[in-house]
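Working notes, structure below.
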Amino acid sequence: MTDAESSASGKLWGGRFSRPTDALVDELNASIGFDRRFARQDIAGSIAHARMLAQQGIIANDDLSEIERGLRQVWGEIQAGTHEFRLSDEDIHLSVEGRLREIIGSPAGRLHTGRSRNDQVATDFRMWSREAILMLAAGIIDTIDALLAVGDHYPEAIMPGYTHLQRAQPVLLRHHMLAYGEMLLRDLDRLQDTFRRTNQSPLGAGALAGVTYPIDREMTANLLGFDGVCQNSLDAVADRDFVIDTLSACSQISMHLSRLAEELVIWSTPEFGFIELDDAFATGSSIMPQKKNPDVAELIRGKTGRVYGHLIAMLTVNKGLPLTYNKDLQEDKEGVFDSVDTLGMILRVLPPMLRSTTFHPEVMERAAGGGFALATDIADYLVKQGMPFREAHEVVGSVVGYCAREGKDFPDLTSDEWRAFSPMLAETRPPLTPRDAIRARNVLGGTGDEVVLAARALFDDRLGTIRDWIDQKSVQIAALDALLNSE
Ligand code: ARG
């Protein structure tokens, strides 16, 4: 390669150019403004690559020593904030290599043997993504812990369960919290799955076709903590499925958290009065002195929009790309950074907000008994006396219609009024409290106290398994840091 200093364009790739790049092109072309977040991965990847080149006899051991020393110095400078990220360096890969050349001189020119920025950027991005995935998984576990804590704090609390946001049947607050626990467990499953496909090494695919040197791809994959290598060189440099998987997982997580946030907004209204948010997690109005607004929950709901947006953007960027690498793919990073940052923030603020929220079980239980939320239980009561369900549904529907016209609720009805609808309803009183409704549902997956307690107990094991997985993968991918620190 032509020495950077002597090339007319001043670029590491400048050999075939006779004039410098237009300044506007530099500006458009550069990704250094954001891909500098890959600095750690990029340098570790270079150390692994250089070690492999030396082991395979492709570069000399002396050159390797210089390259390793120089790369560690570059990493030190980046950490110290003294490294200059120049627009003209285009991206993090050229920025690091350019600085390495300044530090160690000509041996730096051997680092890029048998490698391309195409496999390099894919390798960096996969290493960055796997860490993001583990970070998000830990945040989700913390959120599930907070949901469990709410349930444990109010083990008896009953609330109305809703369909169509109309009171439907009473449920335990804990059952409701565990429903979100299930959603988030599925999200953890998706993240594990995403991690598995992400943590494969593209390094060694070269520009697209593989390389002409006797490289050892397994070696670099191992050194960098990958689970394996990408099997096809063309796919290795062209594939951004791992990005889409990550954005898709982020979107579903955001969607789940947004649904929860929406409920917190509703529950905190004076009209519902189910919860009071802690002062530390609410905000006021600059004009209306009485306001206590659920801004945090609203932002969790609102930020879901941008996370979805990044998924759609990435799907769209990929849809028309011929194999293999195209510069369009440089657009793959910012959306993921934003999604991961946004979700990471949400997952830090939501658990303490949930833990500090005061629930009002009396208000919730009162609501659970009203709005004819016990109608199904009364129909079931008739069925248990021998009436076919459809008939029972009809009878109780008539009672509800009558009550609605008379402005009454079930407990207001006299025995005579009940008898008018069915003699079965006059003799023994039907179950009329939310507690009765809960007690009647000790069926697998239902809201009965015993089954909910059992479901809650299972969460400890289910989360424990995922915690172990996170610990194990964290150790595995820390191989990268060992490369940066070892001498
Ligand atoms: N900055 C580029 C990116 O983010 C790195 C790969 C560039 N490769 C190339 N052949 N121009 O995608």
Side-chain angles (χ1 to χ4, degrees), residues 150-151 154-179 262-276 358-453 455:
V150 169
Y154 302 97
E156 316 254 274
I158 297 176
M159 60 178 283
Y162 296 88
T163 63
H164 313 268
L165 201 53
Q166 305 286 325
R167 279 175 277 190
Q169 294 172 354
V171 294
L172 287 178
L173 171 64
R174 181 185 252 168
H175 194 49
H176 197 98
M177 293 294 120
L178 292 183
E262 166 72 3
E263 301 213 278
L264 295 176
V265 170
I266 294 174
W267 295 350
S268 66
T269 58
E271 286 78 357
F272 269 74
F274 288 4
I275 60 171
E276 171 150 9
T358 304
F359 285 74
H360 299 301
E362 359 42 78
V363 179
M364 295 190 298
E365 183 158 344
R366 205 180 316 126
F372 308 107
L374 296 158
T376 318
D377 290 76
I378 299 173
D380 288 345
Y381 167 83
L382 289 172
V383 169
K384 284 165 195 164
Q385 321 290 308
M387 192 183 283
F389 181 77
R390 273 290 151 238
E391 198 179 313
H393 187 286
E394 180 75 22
V395 168
V396 180
S398 308
V399 180
V400 171
Y402 171 80
C403 286
R405 283 190 301 277
E406 300 293 313
K408 292 182 172 180
D409 201 348
F410 291 143
D412 306 325
L413 299 182
T414 64
S415 289
D416 284 344
E417 283 173 302
W418 282 113
R419 184 177 298 109
F421 293 97
S422 166
M424 286 180 192
L425 289 168
E427 272 121 57
T428 47
R429 299 278 284 181
L432 281 180
T433 70
R435 183 71 49 198
D436 295 322
I438 299 293
R439 214 175 283 128
R441 288 179 170 75
N442 268 310
V443 53
L444 180 63
T447 194
D449 302 82
E450 283 113 71
V451 286
V452 169
L453 193 60

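Owing to the predicted nature of the structure, the values given are computational and were not obtained by experimental measurement. Note: hydrogens, waters and symmetry copies are ignored here, and every other heavy atom, side chains too, is used.
- Looking only at side-chain heavy atoms (C-beta outward), P361 and L173 stay at 4.5 Å or farther from each other.
- The local environment of CD in E394 is sparse, with at most 12 non-hydrogen atoms from other residues, nucleotides or ligands closer than 6.0 Å.
- For the salt bridge (charged side-chain N to carboxylate O under 4.0 Å, His left out) test, residues two or more places apart in sequence or in another chain that qualify with D416 are R419.
- Applying the side-chain hydrogen bond (donor to acceptor under 3.5 Å, both in side chains) rule to pairs touching residues 267-276 yields E276-K292, sequence neighbours excluded.
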(message) Does V399 form a side chain to side chain contact (heavy atoms under 4.5 Å, CB included) with W418? I'd like the steps, not just the answer.
(response) CA-CA 8 Å; V399 180; W418 282 113; 3.9 Å; yes
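- The shortest non-hydrogen separation linking M364 to A157 is CE-CB, 4.0 Å.
- Closest approach of L178 and A455 over heavy atoms only: CD1-CB, 4.0 Å.
- Taking the side chain as every heavy atom from C-beta outward, L382 and L425 approach each other to under 4.5 Å.
- Taking E417 as the reference, K408 meet the salt bridge (charged side-chain N to carboxylate O under 4.0 Å, His left out) condition, with sequence neighbours excluded.
- Residues D436 and Y381 form no side-chain contact, since every pair of their non-hydrogen atoms from C-beta on lies 4.5 Å or further apart.
- Separating the OG1 atom in T447 from the CD1 atom in I158 is a distance of 8.0 Å, to the nearest 0.5 Å.
- A404 approaches F372 most closely through the heavy-atom pair N-CZ, 4.4 Å.
- Applying the salt bridge (charged side-chain N to carboxylate O under 4.0 Å, His left out) test to pairs two or more places apart or on separate chains, those with a residue in residues 166-177 are D152-R174.
- Between the SG atom of C403 and the CG atom of D409 there is a distance of 6.5 Å, given to the nearest 0.5 Å.
- The two residues A368 and P434 have their closest heavy-atom pair at C-CG, 3.9 Å.
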Quick one, V395 with I378, criterion side chain to side chain contact (heavy atoms under 4.5 Å, CB included). Give me CA distance, side-chain angles, the key distance, then yes/no.
CA-CA 10 Å; V395 168; I378 299 173; over 6 Å; no
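- By the ring-ring contact (aromatic ring centres under 6.0 Å, His included) test, Y154 pairs with F359, sequence neighbours left out.
- The minimum heavy-atom distance between V383 and P388, with the atom names listed, is CG2-C, 4.2 Å.
- To the nearest 0.5 angstrom, M387 atom CE is 13.5 Å from H393 atom NE2.
- With rounding to the nearest 0.5 angstrom, the CG atom of L172 is 11.5 Å from the CE atom of M177.
- One distance of note links CZ of F272 with CE of M159; it measures 8.5 Å at 0.5 Å rounding.
- Summarising the geometry of V443 relative to V451, their closest heavy-atom pair is O-CG2, 3.6 Å, with the distance given to 0.1 Å.
- Here CZ of F410 is found 13.0 Å from OG1 of T433. Values are rounded to the nearest 0.5 Å.
- Sequence neighbours left out, the pairs with a member in residues 364-393 that pass salt bridge (charged side-chain N to carboxylate O under 4.0 Å, His left out) are E365-R435, D377-R441.
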